[in-house]
Student: 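This structure is in structure tokens; I'll ask about it shortly.
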Amino acid sequence: MFNLVIFGPPGAGKGTQSAKIIDKYKLAHISTGDMFRMHISQNTALGQKVKQILADGLLVPDSITIDMLEEEVQNNPDATGFIFDGFPRTVAQAEALDKFLEGKNEKIDLVLQLDVTEAEIKNRIAERKKVSGRADDDEDKLIKRIDEYFTKTIHVLPFYQGQGKVVKINGIGEVESIFGMICAAIDEAKK
Ligand code: ADP
């Protein structure tokens, strides 16, 4: 198996690049944000529980997120690897993921850090809002999400740096040239 975490602030391009990675490397995509949005649109019990949290731009509690993620991995027994997009977002989630994968004799092989400035993120999300219809793309909610990123999620980086797994990719530029750098990092990690 080859397991990859794609990491970066809201609007860094994780979703865009994930789609291209899946296509080329045939990994199973797990986006916790997409999963939460699906639960909300289907009005499931979980969706009802997290709806307001997402709308406010806050992080869903770890226990809910971790359970949902582990279940999704178990639902994909034939996957040759996973790309985790938007997870882990806290150190507790990263620790839980390591433990969970260890129990399956698996591990995270690579963490791709998409590096984008705060000014660029704000521009991109303002543009995205025009088409996404995402309530959490409103400016005040976006400020919350960025705040969650810089207070909680950023600490996931040193966790994986300590394991020597992080490759930093400049997330500003053409989608294709960013993807080229990502492919080089994946090919190197697969050697
Ligand atoms: P973005 O990367 O643009 O912020 P996502 O689609 O990854 O968007 O996430 C949207 C929202 O879903 C987050 O703001 C948060 O409320 C919730 N969420 C997604 N993943 C997690 C996670 N791993 N832990 C806690 N909350 C999460």
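The residues of the chain are indexed from 1 along the displayed sequence. In listed order, ligands and their atoms are each counted from 1.
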Student: In chain order, what residues pass the salt bridge (Lys or Arg N to Asp or Glu O under 4.0 Å) check against K130, with sequence neighbours excluded?
Tutor: E127

Student: Do you see a donor-acceptor pair shorter than 3.5 Å between the side chains of Y25 and D187?
Tutor: yes

Student: Which atom pairs, donor and acceptor, lie under 3.5 Å between side-chain atoms of residues 45-52 and protein residues at least two apart or in another chain?
Tutor:
| from | atom 1 | to | atom 2 | distance (Å) |
| --- | --- | --- | --- | --- |
| Q48 | NE2 | N43 | O | 3.4 |
| Q48 | NE2 | N43 | OD1 | 3.3 |
| Q52 | NE2 | D56 | OD1 | 3.1 |

Student: Distance-only criterion, 3.5 Å: show the donor-acceptor pairs between side-chain atoms of residues 172-180 and protein atoms not counting sequence neighbours.
Tutor:
| from | atom 1 | to | atom 2 | distance (Å) |
| --- | --- | --- | --- | --- |
| E176 | OE2 | K20 | NZ | 2.7 |
| S177 | OG | E174 | O | 3.2 |

Student: Regarding E148 and K144, does a basic nitrogen lie under 4.0 Å from an acidic carboxylate oxygen?
Tutor: no

Student: Ignoring hydrogens and geometry beyond distance, is a side-chain donor-acceptor pair present between K104 and Q74 at under 3.5 Å?
Tutor: yes

Student: Would you mind listing each N/O atom of ligand 1 next to any protein N/O under 3.5 Å, plus the distance?
Tutor:
| from | atom 1 | to | atom 2 | distance (Å) |
| --- | --- | --- | --- | --- |
| ligand 1 | 2 (O) | K14 | NZ | 3.0 |
| ligand 1 | 2 (O) | R89 | NH2 | 3.4 |
| ligand 1 | 3 (O) | R128 | NH2 | 3.3 |
| ligand 1 | 3 (O) | R145 | NH2 | 2.9 |
| ligand 1 | 4 (O) | R89 | NH2 | 3.1 |
| ligand 1 | 4 (O) | R145 | NE | 3.4 |
| ligand 1 | 4 (O) | R145 | NH2 | 3.2 |
| ligand 1 | 6 (O) | R37 | NH1 | 2.9 |
| ligand 1 | 6 (O) | R37 | NH2 | 2.8 |
| ligand 1 | 7 (O) | R89 | NH1 | 3.2 |
| ligand 1 | 7 (O) | R89 | NH2 | 3.2 |
| ligand 1 | 8 (O) | R134 | NH2 | 3.2 |
| ligand 1 | 9 (O) | R89 | NH2 | 3.4 |
| ligand 1 | 16 (O) | L58 | O | 2.5 |
| ligand 1 | 20 (N) | T32 | OG1 | 2.7 |
| ligand 1 | 20 (N) | G86 | O | 3.3 |
| ligand 1 | 20 (N) | R89 | NH1 | 3.0 |
| ligand 1 | 23 (N) | G86 | O | 2.9 |
| ligand 1 | 23 (N) | Q93 | OE1 | 3.0 |
| ligand 1 | 24 (N) | Q93 | NE2 | 2.9 |
| ligand 1 | 26 (N) | V60 | N | 3.0 |

